[in-house]
Amino acid sequence: DRKEIHMFFTKTHAEPALLNTSQATQEIYGEDTRILRQRLLRLLTDGSLDPIAQAHNVQILKINNRFHIPRVVVKALRGEV
């Protein structure tokens with residue numbers, strides 16, 4: 001049934017494993033503004049979040065000058081894990 005498939009998909013795949021900087025800023029600070037995004041980018045650029053990623057056995061990816069932050073790192077920053 002198509003509705004069951006949709007419900008399965010939305011329940012199991014609603015949260016992507018990797019977030020871009022805008023998504024991560026929204027999750028961490030509750031809003032996505034240029035200033036908050038720059039704050040997060042400074043933390044990513046200077047490696048401040050690397051120990052959190054290493055503690056959870058994940059990597060923060062940088063591909064073509066774009067960061068992809070694992071959801072577990074964002075949750076750790078929010079105190080959820």
Side-chain angles (χ1 to χ4, degrees):
D1 182 42
R2 190 175 194 168
K3 187 175 181 179
E4 288 177 22
I5 292 171
H6 176 72
M7 292 298 291
F8 172 79
F9 180 78
T10 56
K11 285 182 181 177
T12 58
H13 302 288
E15 295 185 342
L18 294 173
L19 303 174
N20 64 34
T21 52
S22 293
Q23 294 167 324
T25 301
Q26 177 70 40
E27 292 283 327
I28 294 165
Y29 301 111
E31 61 182 338
D32 178 25
T33 65
R34 184 178 58 83
I35 299 297
L36 292 173
R37 203 170 327 112
Q38 287 175 342
R39 180 185 293 173
L40 178 60
L41 283 169
R42 276 193 305 273
L43 293 171
L44 290 163
T45 303
D46 71 13
S48 295
L49 302 182
D50 291 343
I52 297 170
Q54 291 170 357
H56 294 290
N57 296 317
V58 295
Q59 276 188 308
I60 296 170
L61 303 176
K62 185 176 181 187
I63 303 170
N64 297 330
N65 288 330
R66 295 179 186 257
F67 285 98
H68 303 278
I69 304 103
R71 181 167 292 279
V72 69
V73 172
V74 173
K75 286 185 175 189
L77 287 169
R78 293 176 63 180
E80 296 178 6
V81 288

Query raised in the report: How long is the gap from CG on Leu40 to CD1 on Ile28, to the nearest 0.5 Å?
Result: 5.0 Å

Query raised in the report: Are Leu44 and Val58 co-members of a hydrophobic cluster defined by side-chain heavy atoms under 4.5 Å apart?
Result: yes

Report summary line: Looking only at heavy atoms, the pair that brings His56 and Ala76 closest together is NE2-CB, 3.7 Å

Query raised in the report: Is any side-chain heavy atom of Asn20 less than 4.5 Å from a side-chain heavy atom of Arg66?
Result: no

Query - In one Ile/Leu/Val/Met/Phe/Trp/Tyr side-chain cluster, 4.5 Å: Ile60, Val81 - result: yes

Requested in this report: Quick one: pull up OG1 in Thr45 and NZ in Lys62 and give me the separation to the nearest 0.5 Å.
Outcome: 6.0 Å

Report task. Any chance you could measure Gln38, atom CD, to Thr21, atom OG1, to the nearest 0.5 Å? Result -> 10.5 Å

**Report entry** Residue that, paired with Thr25, satisfies side chain to side chain contact (heavy atoms under 4.5 Å, CB included) out of Leu41, Leu36, Val74
**Finding:** Leu36

**Report entry** Rounded distance (nearest 0.5 Å) linking atom CD of Gln59 with atom CG of Leu18
**Finding:** 10.5 Å

Query raised in the report: What residue among Gln23, Gln26, Arg37 forms side chain to side chain donor-acceptor pair (under 3.5 Å) with Asp32?
Result: Arg37

Query raised in the report: Given side chains that start at C-beta, do those of Leu49 and Leu77 come closer than 4.5 Å, heavy atoms only?
Result: yes

Report task. Using the rule that two of Ile, Leu, Val, Met, Phe, Trp, Tyr join whenever any of their side-chain heavy atoms come within less than 4.5 Å, decide whether Ile69 and Tyr29 are in one cluster. Result -> yes

